[in-house]
There are 2 protein chains.
Amino acid sequence: MVNLNKHPENPEEAILKAASEIFIEKGFDGARMQEIADKAGLNKALLHYYYRSKDKLFRAVFNKVFQRLMDGLVSVFEENMPVFDTIRIFFKEHQEVLITYRHLPVFILNELQRDPNIVVDMFNTSRLKKVRNTFFHRIEKEKQEGIIRQSIQPMELFINILSLSVFPYAAKPLITSFIGIDESAFFDMMEARKDGLADFVIQSIKA
Amino acid sequence: MVNLNKHPENPEEAILKAASEIFIEKGFDGARMQEIADKAGLNKALLHYYYRSKDKLFRAVFNKVFQRLMDGLVSVFEENMPVFDTIRIFFKEHQEVLITYRHLPVFILNELQRDPNIVVDMFNTSRLKKVRNTFFHRIEKEKQEGIIRQSIQPMELFINILSLSVFPYAAKPLITSFIGIDESAFFDMMEARKDGLADFVIQSIKA
DNA sequence: GTTAAGTTTAACCAACTGGTCAAAGATAGA
DNA sequence: TCTATCTTTGACCAGTTGGTTAAACTTAAC
């Protein structure tokens, strides 16, 4: 027989989708199970039927969202190419990820502070290993080739690149208030900044 | 007659202090008025006697904390001295502020996303004006003197410096998990990074 | 069509939450 | 000492919250 449900998706996915939006917008403490149910168009008891508790539902959401962000973040560093190219490509791609999922940085940073354990054994350490074996290794190589300054530390550079890319989006309300611009002007500014960022880093590390 | 209270401070301050700790640790939604009262060693009704509502108490906390962080952040940029000196002093001083108030960045970023209005008319725009008239002006001057590269945009540089300084502290749980170190190793790393940061920026902007 | 398993619902609950209030206690001036 | 004001408290309250449950509904196999 045909599916007579009001909802084309299966409820498990509908719940996860609605929960993602609510949790990301309001955080774990600010989110309400009833609100998630309303957004999914389902009875609240169903959330518990499929995901037992608010905590378990939250973890399902967080894991999915976190993995998504991580993929968009480290994948570029796992490919073997000249460091300057990696940097340019990263900033270009990562800015788009951040614009698409603009609330994710603050959400993840905040929930991670609330409970640092949610991330435990979420990193398959192979991920870092791969970054080490490609990006970090490449840096050392280009240092020997005289392309990159000797004093550059791969891990620090990695953190610097991340900082420059992510922070402005996390601090968007602060920046817009501080320099007195609206949201669209902010994204214009980020768009213009995109090209300059790679230059900023490369200029700093080149020999 | 002598003060027979168990608490040497006046209750208004005791509440604000306890509220600061709880709000910063758990956020507005996660904080409980009873928990704040317990931490202050006072009756819960007193919180409402002095601060009417949870929202008003939160605003009092946020304002104070925010002003404190802002002072430690922009004061260096308001002084007229060579740009490279400003940058070196800023990183050195700001890292100490961040270590002392290590939970503030995420707290402020998060609450600002929850309700961007809490920061409205909190910036006396004179603050930004002063930064413009000193730091930004100085950059333009040093560009003409051939000390700094022509393509450097003052506002972008300002945001970059902030990003490099603040982000690692906001992302501490992420970084420690990702590279598999504990908290003390993280702060050692930040300590070592401190000197390199100024070099990283200066190297990038010098002509 | 009977049955057994999976799915969905409305009604319900105990615990908790921000907030109130009347009364008790402290304080300082007259 | 009396009194008017300010402080402090315990008890209380209405609304909300995550979570439960028994019963109704669907589905598909026989």
Side-chain angles (χ1 to χ4, degrees), chain A residues 1-63 107 110-111 114-115 117-118, chain B residues 1-63 107 110-111 114-115 117-118:
Chain A
M1 212 212 219
V2 285
N3 187 353
L4 289 179
N5 279 346
K6 301 168 223 147
H7 308 282
E9 322 155 293
N10 62 32
E12 209 164 339
E13 277 179 30
I15 292 169
L16 200 65
K17 189 182 163 193
S20 295
E21 293 173 25
I22 300 289
F23 276 133
I24 289 171
E25 192 191 329
K26 314 206 167 181
F28 179 82
D29 290 322
R32 299 287 162 249
M33 295 296 269
Q34 186 60 58
E35 201 180 356
I36 294 170
D38 290 346
K39 179 154 250 173
L42 299 166
N43 190 288
K44 179 170 67 104
L46 268 189
L47 309 200
H48 290 94
Y49 179 73
Y50 284 104
Y51 295 92
R52 294 191 55 89
S53 69
K54 185 185 184 183
D55 201 71
K56 291 234 172 63
L57 175 57
F58 176 79
R59 277 169 194 273
V61 166
F62 189 88
N63 285 4
F107 169 69
N110 187 59
E111 298 301 331
R114 196 179 57 85
D115 176 17
N117 292 327
I118 49 177
Chain B
M1 211 213 215
V2 284
N3 186 353
L4 288 181
N5 281 345
K6 300 166 220 146
H7 308 281
E9 324 154 292
N10 63 30
E12 209 163 340
E13 277 179 31
I15 291 170
L16 200 65
K17 189 181 164 194
S20 295
E21 294 173 24
I22 301 289
F23 276 133
I24 289 171
E25 192 191 330
K26 313 205 167 183
F28 178 82
D29 290 322
R32 299 286 162 250
M33 294 297 269
Q34 185 60 59
E35 201 180 355
I36 293 170
D38 290 346
K39 178 154 249 172
L42 300 166
N43 189 288
K44 179 171 69 103
L46 267 191
L47 309 200
H48 290 94
Y49 179 75
Y50 284 104
Y51 295 91
R52 295 191 56 87
S53 70
K54 185 185 183 183
D55 200 71
K56 293 233 172 61
L57 175 57
F58 177 78
R59 278 168 195 272
V61 166
F62 189 88
N63 287 3
F107 169 69
N110 187 58
E111 298 300 332
R114 195 178 59 84
D115 176 17
N117 293 326
I118 48 178

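Numbers restart at 1 for each chain; the letters A, B, ... are given by sequence-line order, proteins then strands. Values in this document were obtained by computation on a predicted structure and should not be read as measured data.
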Asker: Listed in order of residue number, which residues of residues 23-32 of chain B have a non-hydrogen atom at under 4.0 Å from DNA chain D?
Answerer: none
Asker: Of all residues at least two apart in sequence or in a different chain, which pass the ring pair (Phe, Tyr, Trp, His ring centres under 6.0 Å) check with A:Y50?
Answerer: none
Asker: Counting C-beta onward and ignoring hydrogens, is there a side-chain heavy-atom pair between B:F23 and B:L57 closer than 4.5 Å?
Answerer: yes
Asker: Classify the nucleic acid contact of B:Y50 as base, sugar-phosphate or nothing, counting any heavy atom under 4.0 Å across all strands shown.
Answerer: sugar-phosphate
Asker: B:L42 CG to D:dT8 P: how many Å, rounded?
Answerer: 7 Å
Asker: Suppose we screen for side-chain contact (heavy atoms from CB on, under 4.5 Å). Which residues come up paired with A:N63, at least two apart in sequence or across chains?
Answerer: A:M122
Asker: Looking only at non-hydrogen atoms, find the nearest pair between A:L47 and A:A37 and report the distance.
Answerer: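 For A:L47 versus A:A37, the nearest heavy atoms are CD1-N, 4.1 Å.
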Asker: Would you list the pairs meeting ring pair (Phe, Tyr, Trp, His ring centres under 6.0 Å) in which at least one residue belongs to residues 24-48 of chain B, sequence neighbours left out?
Answerer: B:F28-B:F58
Asker: Who are the ring pair (Phe, Tyr, Trp, His ring centres under 6.0 Å) partners of B:Y51, not counting sequence neighbours?
Answerer: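 With neighbours one apart ignored, the set is empty.
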Asker: Can you check the A:L47 CG to D:dT17 C1' distance for me, whole Å?
Answerer: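 Result: 13 Å.
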Asker: Take the protein atom CD1 of B:I22 and the nucleotide atom P of C:dG18, then report the distance between them rounded to whole Å.
Answerer: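 After rounding, the gap between these two atoms is 12 Å.
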Asker: C:dT7 P sits how many Å from A:Y51 OH, rounded?
Answerer: 13 Å
Asker: Apply side chain to side chain donor-acceptor pair (under 3.5 Å) to A:D55 and list each qualifying residue two or more places apart in sequence or on a separate chain.
Answerer: A:R59
Asker: Listing time: all N or O pairs from protein to nucleotides 19-21 of chain C that are below 3.5 Å?
Answerer:
residue, atom, partner, partner atom, Å
C:dG19, OP2, B:H48, NE2, 3.2
C:dG19, OP2, B:K54, N, 2.7
C:dG19, N7, B:K44, NZ, 2.6
C:dG19, O6, B:K44, NZ, 2.5

Asker: Between C:dT27 atom P and B:N10 atom CG, what is the distance in whole Å?
Answerer: 14 Å
Asker: Round to the nearest Å and state the distance from A:Q34 atom CD to C:dT9 atom P.
Answerer: 12 Å
Asker: By the side chain to side chain donor-acceptor pair (under 3.5 Å) test, which pairs, at least two apart or in different chains, include something from residues 12-22 of chain A?
Answerer: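 Non-adjacent pairs meeting side chain to side chain donor-acceptor pair (under 3.5 Å): A:E21-A:K39.
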Asker: Could you state the atom-to-atom distance from CG of A:L46 to P of D:dC25 in whole Å?
Answerer: 16 Å
Asker: I need the full list of side chain to side chain donor-acceptor pair (under 3.5 Å) pairs touching residues 28-38 of chain B, with sequence neighbours left out, sorted by first then second residue.
Answerer: B:K26-B:E35, B:Q34-B:D38
Asker: Starting from P on C:dC16, measure out to CD on B:E35 and report it in whole angstrom.
Answerer: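 Distance, rounded to whole Å: 13 Å.
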